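In what follows, a single structure is set out as structure tokens and then discussed.
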Amino acid sequence: MNYLLLFFYFFISQPQTDTFTLTLTVDNIKEVNGTIEIGLFNNGDRFLEKGQAYKSISIAVNNSSETITIENIPKGTYAISLFQDLNDDKICNQNFFGIPKEPYAFSNNIRPKFSAPTFEDCQFELNSDKSVRISLLN
């Protein structure tokens with residue numbers, strides 16, 4: 001009997017980690033080829049820096065709209081940056097002025113004007129399962 005009570009005590013007292021599912025739909029895909037390269041950031045200090053994303057995901061483009069499910073994400077503040085890698089070089093190719101030559105997008109569908117957006121521009125709260133729709137800028 002004591003073992004049973006001890007088991008329930010440890011089972012109930014285990015810390016509960018809240019993780020959620022983020023469903024991301026990317027639309028406005030004009031060319032059905034290449035990949036969508038996604039960076040999910042959880043920190044504004046290194047936002048948009050290569051290799052600094054909390055999670056990086058690459059998916060093949062097979063349709064004019066793609067849906068990606070990212071599971072087991074802890075509660076928090078996040079921002080998304082993505083681009084369609086048309087030439088499969090894993091780089092968002094830019095022109096002389098630093099403007100992307102490949103389709104790109106950010107969470108909150110931010111449309112940058114003269115510089116890259118900030119983490120604060122793109123941030124959203126994840127405290128339950130969430131669906132986000134982002135349209136590529138071509």
Side-chain angles (χ1 to χ4, degrees):
M1 181 69 167
N2 288 339
Y3 290 111
L4 186 59
L5 290 174
L6 193 59
F7 170 78
F8 281 118
Y9 171 77
F10 283 115
F11 180 77
I12 293 173
S13 67
Q14 290 294 318
Q16 299 296 319
T17 56
D18 291 331
T19 61
F20 304 102
T21 299
L22 176 64
T23 303
L24 172 63
T25 300
V26 180
D27 60 17
N28 198 34
I29 299 173
K30 302 286 187 202
E31 286 188 53
V32 180
N33 69 359
T35 59
I36 300 288
E37 302 297 324
I38 303 163
L40 177 65
F41 293 84
N42 64 351
N43 187 329
D45 295 338
R46 309 294 294 264
F47 182 55
L48 301 181
E49 289 184 26
K50 186 172 176 81
Q52 297 302 313
Y54 169 71
K55 283 192 185 264
S56 296
I57 300 147
S58 180
I59 62 150
V61 175
N62 297 311
N63 299 292
S64 60
S65 178
E66 294 290 346
T67 300
I68 304 97
T69 302
I70 310 168
E71 298 178 330
N72 299 318
I73 305 173
K75 177 180 177 178
T77 304
Y78 295 90
I80 297 171
S81 169
L82 60 86
F83 70 96
Q84 184 178 5
D85 190 6
L86 295 171
N87 59 3
D88 290 322
D89 65 356
K90 302 297 182 214
I91 297 170
C92 184
N93 301 117
Q94 301 174 349
N95 67 17
F96 178 75
F97 299 105
I99 299 169
K101 293 195 277 185
E102 296 177 300
Y104 65 97
F106 302 98
S107 45
N108 298 333
N109 286 303
I110 295 296
R111 298 178 70 94
K113 295 200 185 327
F114 300 110
S115 65
T118 65
F119 181 83
E120 289 73 22
D121 292 333
C122 303
Q123 75 182 11
F124 60 91
E125 295 297 321
L126 186 67
N127 49 25
S128 64
D129 292 346
K130 187 175 189 88
S131 294
V132 173
R133 179 174 295 276
I134 299 178
S135 295
L136 281 177
L137 300 171
N138 294 286

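Everything numeric here is computed off the predicted structure, so don't read it as measured data.
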When you measure from the side chain of D85 to the backbone N and O of K90, does any donor-acceptor pair fall under 3.5 Å?
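Indeed, once roles are kept as given, a pair shorter than 3.5 Å links the two residues.
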
Kindly say whether D27 contributes a backbone atom to a donor-acceptor pair with the side chain of N63 at under 3.5 angstrom?
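Judged by distance alone, no pair lies under 3.5 Å.
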
Are [X] and [Y] grouped together when hydrophobic residues (ILVMFWY) are joined by side-chain heavy atoms under 4.5 angstrom apart?
X	Y	answer
I134	I38	yes
L40	L126	yes
F83	I68	no
I29	L137	no

For residues [X] and [Y], determine if any side-chain heavy atom of one lies less than 4.5 Å from a side-chain heavy atom of the other.
X	Y	result
L86	P103	yes
V132	T23	no
T19	E71	no

Please tabulate, one pair per line, all N/O donor-acceptor pairs under 3.5 Å involving side-chain atoms of residues 53-61, not counting sequence neighbours.
{"unit_1": "S58", "atom_1": "OG", "unit_2": "E37", "atom_2": "OE1", "d": "3.4"}
{"unit_1": "S58", "atom_1": "OG", "unit_2": "E37", "atom_2": "OE2", "d": "2.7"}

Does the ring centre of F47 sit less than 6.0 Å away from the ring centre of F119?
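Between F47 and F119, which both carry aromatic rings, the centre distance is below 6.0 Å.
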
Shortest non-hydrogen separation from F41 to E49 and the atoms involved:
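Distance-wise, the nearest heavy atoms are CE2-O, 4.1 Å.
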
Residue pair E102 / I91: nearest heavy atoms and the distance that separates them
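Closest approach of E102 to I91, heavy atoms only: OE1-O, 2.9 Å.
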
Under 3.5 Å, which donor-acceptor pairs link side chains of residues 72-82 to any protein atom two or more places apart or in another chain?
{"unit_1": "T77", "atom_1": "OG1", "unit_2": "E125", "atom_2": "OE1", "d": "3.1"}
{"unit_1": "T77", "atom_1": "OG1", "unit_2": "E125", "atom_2": "OE2", "d": "2.7"}
{"unit_1": "Y78", "atom_1": "OH", "unit_2": "P74", "atom_2": "O", "d": "2.7"}

Sequence neighbours left out, cut at 3.5 Å: what donor-acceptor pairs do the side chains of residues 108-117 make with other protein atoms?
{"unit_1": "N108", "atom_1": "ND2", "unit_2": "D121", "atom_2": "O", "d": "3.1"}
{"unit_1": "N108", "atom_1": "ND2", "unit_2": "C122", "atom_2": "O", "d": "3.2"}
{"unit_1": "N108", "atom_1": "ND2", "unit_2": "Q123", "atom_2": "O", "d": "3.0"}
{"unit_1": "N109", "atom_1": "OD1", "unit_2": "S135", "atom_2": "N", "d": "2.8"}
{"unit_1": "N109", "atom_1": "ND2", "unit_2": "R133", "atom_2": "O", "d": "3.1"}

Separation of [Y] [atom2] from [X] [atom1] (nearest 0.5 Å):
X	Y	atom1	atom2	value
N33	E31	CG	CD	5.0 Å
N93	K101	CG	NZ	6.0 Å
L136	E66	CG	CD	10.5 Å
I70	K130	CD1	NZ	13.0 Å

How far apart are the C-alpha atoms of S65 and T25, what are their side-chain angles, what is the distance that settles it, and do they pass the side-chain contact (heavy atoms from CB on, under 4.5 Å) test?
CA-CA 7 Å; S65 178; T25 300; 3.6 Å; yes

Run the numbers on T67 and L24 for side-chain contact (heavy atoms from CB on, under 4.5 Å), then give the verdict.
CA-CA 6 Å; T67 300; L24 172 63; over 6 Å; no

